[in-house]
Amino acid sequence: MQHEQVVIIGSGPAGLTAAIYTGRAKLNPLVIVGPQMGGQVSLTHEVENYPGFPEGLTGAELVERMRAQAERFGTRFEYSSIVEVDFTHGRPFTLKDDNGKTYTADTVLVTSGASPRKLGIPGEEELLGRGVSYCGTCDGFFFRGKEIVVVGGGDSAIEEGIFLTRFATKVEVIHRRDSLRAGRFLQQRAFKNEKMNFVWNTVIESIGGSDSVDHVRLRNIETGETYDHPTEGVFIFIGHDPNNNIYKGQLEMSDEGYVITDHLMRTNIEGIYAAGEIQDPIYRQVASSVGQGTMAAMSLERWLSEHEDEIHAEPDLTTES
Ligand code: NAP
């Protein structure tokens, strides 16, 4: 077992920011990176709205800058994912990763983020990676010269749809309503883009193809008409769900599954904090996650200094591995 003062679960903007702050506070944080260093933003082609970068930069570049900054202040990174936690039997808290390693921690910051929501229709899972994708930046290149569809009407669908016009000859946006949820600026860009086309009031019932996607079955929800639409790619951007599985029954959550925090980013368990998309169903921006990571790190740091004597008095059941 390895004992830590501060364990940060996740390496998105919230986690890396918290690592910078707790590192600078000499708390020697350990970041358990999770499946992807930087989380979702690392796969974003261009970040245009993060302050301080007027020309924009790639998500991967932004993440690398944050990672290096955290490392500069002594953050250590463990390239694994936490698969089990015990937050309910008091301190030190126990965490297990997918390499079979067990950690104990005086404080934990949960920044596990969120994952793309699935449509849950026939063909979606079977053809994943063979035409079905949840990431334009990752997979767009494979659709050069092809016709594809994008599902959803929010910022993600429209932003990714515009990006995908770099590769695809035609991007058909399938949306269940007759107006977009995406911001006005993105809408204007999309409507002006000659490669983009909109199919309103329509849902996808199934995705078809044997080796790879060759069509989608569409249904107009106003007329009830169903028909097959030939396409080689289906990019799905219909929102996200928080990565909350390992915390169920331990951390208090909203009906939608987001971890509930107070104004100090505290969860219902003393010593456990949460920041970023695991607890934020509304803003979901790099800048807001960075802010929440900062708040959580500062609260955690204050809590540790106020409880130093108590923590040192706790029996040390662990040995350094
Ligand atoms: P979102 O805003 O929740 O939009 C999801 C879209 O998918 C909506 O248009 C929704 O339709 C549709 N949808 C949901 N479930 C569906 C289903 N089962 N079948 C068909 N369509 C479905 O999610 P998002 O676009 O991922 O954005 C999430 C947050 O991140 C937002 O706050 C957004 O502003 C932010 N974001 C910002 C940027 C940026 O600033 N550049 C980029 C990406 C994301 P309805 O409209 O009918 O509900």
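For clarity, every value in this text was computed on a predicted model and none was experimentally measured. All ligand and atom numbering here is 1-based and tracks the order in the structure.
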Chemist: Only pairs at least two apart or in different chains count here, so list each ring pair (Phe, Tyr, Trp, His ring centres under 6.0 Å) that has a residue in residues 186-242.
Modeler: F143-F235, F191-F198, F198-W200
Chemist: Assess the side chains of Y273 and T111: does a donor N or O sit below 3.5 Å from an acceptor N or O?
Modeler: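 No, no side-chain donor-acceptor pair sits under 3.5 Å.
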Chemist: Distances only, to 0.1 Å: what are the N or O pairs between ligand 1 and the protein that fall under 3.5 Å?
Modeler:
from, atom 1, to, atom 2, distance (Å)
ligand 1, 9 (O), G153, N, 3.0
ligand 1, 9 (O), G154, N, 3.3
ligand 1, 11 (O), R176, NE, 3.1
ligand 1, 11 (O), R176, NH2, 3.4
ligand 1, 25 (O), D155, N, 3.3
ligand 1, 25 (O), S156, N, 3.0
ligand 1, 25 (O), S156, OG, 3.2
ligand 1, 26 (O), S156, OG, 2.7
ligand 1, 30 (O), R284, NH1, 3.1
ligand 1, 32 (O), I282, O, 3.4
ligand 1, 34 (O), D155, OD2, 2.5
ligand 1, 40 (O), N49, ND2, 3.2
ligand 1, 41 (N), E159, OE2, 2.7
ligand 1, 46 (O), R177, NE, 3.3
ligand 1, 46 (O), R177, NH2, 2.8
ligand 1, 46 (O), R181, NE, 3.0
ligand 1, 46 (O), R181, NH2, 3.4
ligand 1, 47 (O), R176, NE, 3.0
ligand 1, 47 (O), R177, NE, 2.7
ligand 1, 48 (O), R176, NH2, 3.1
ligand 1, 48 (O), R181, NE, 3.4
ligand 1, 48 (O), R181, NH2, 2.7

Chemist: For residues 16-28, please give each side-chain donor-acceptor pair under 3.5 Å, one per line with the distance, not counting sequence neighbours.
Modeler:
from, atom 1, to, atom 2, distance (Å)
T17, OG1, P13, O, 2.6
T22, OG1, A18, O, 2.7
N28, OD1, R76, NE, 3.2

Chemist: Only pairs under 3.5 Å count here: list side-chain donor-acceptor contacts from residues 53-62, not counting sequence neighbours, and write none if there are none.
Modeler:
from, atom 1, to, atom 2, distance (Å)
T58, OG1, E61, N, 3.0

Chemist: Classify the side-chain pair R217/T226 by whether it contains a donor and acceptor separated by less than 3.5 Å.
Modeler: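 Indeed, the side chains of R217 and T226 share at least one donor-acceptor pair under 3.5 Å.
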Chemist: Identify the heavy atoms of I246 and V83 that sit nearest to each other, and give their distance.
Modeler: CG2-O, 3.1 Å
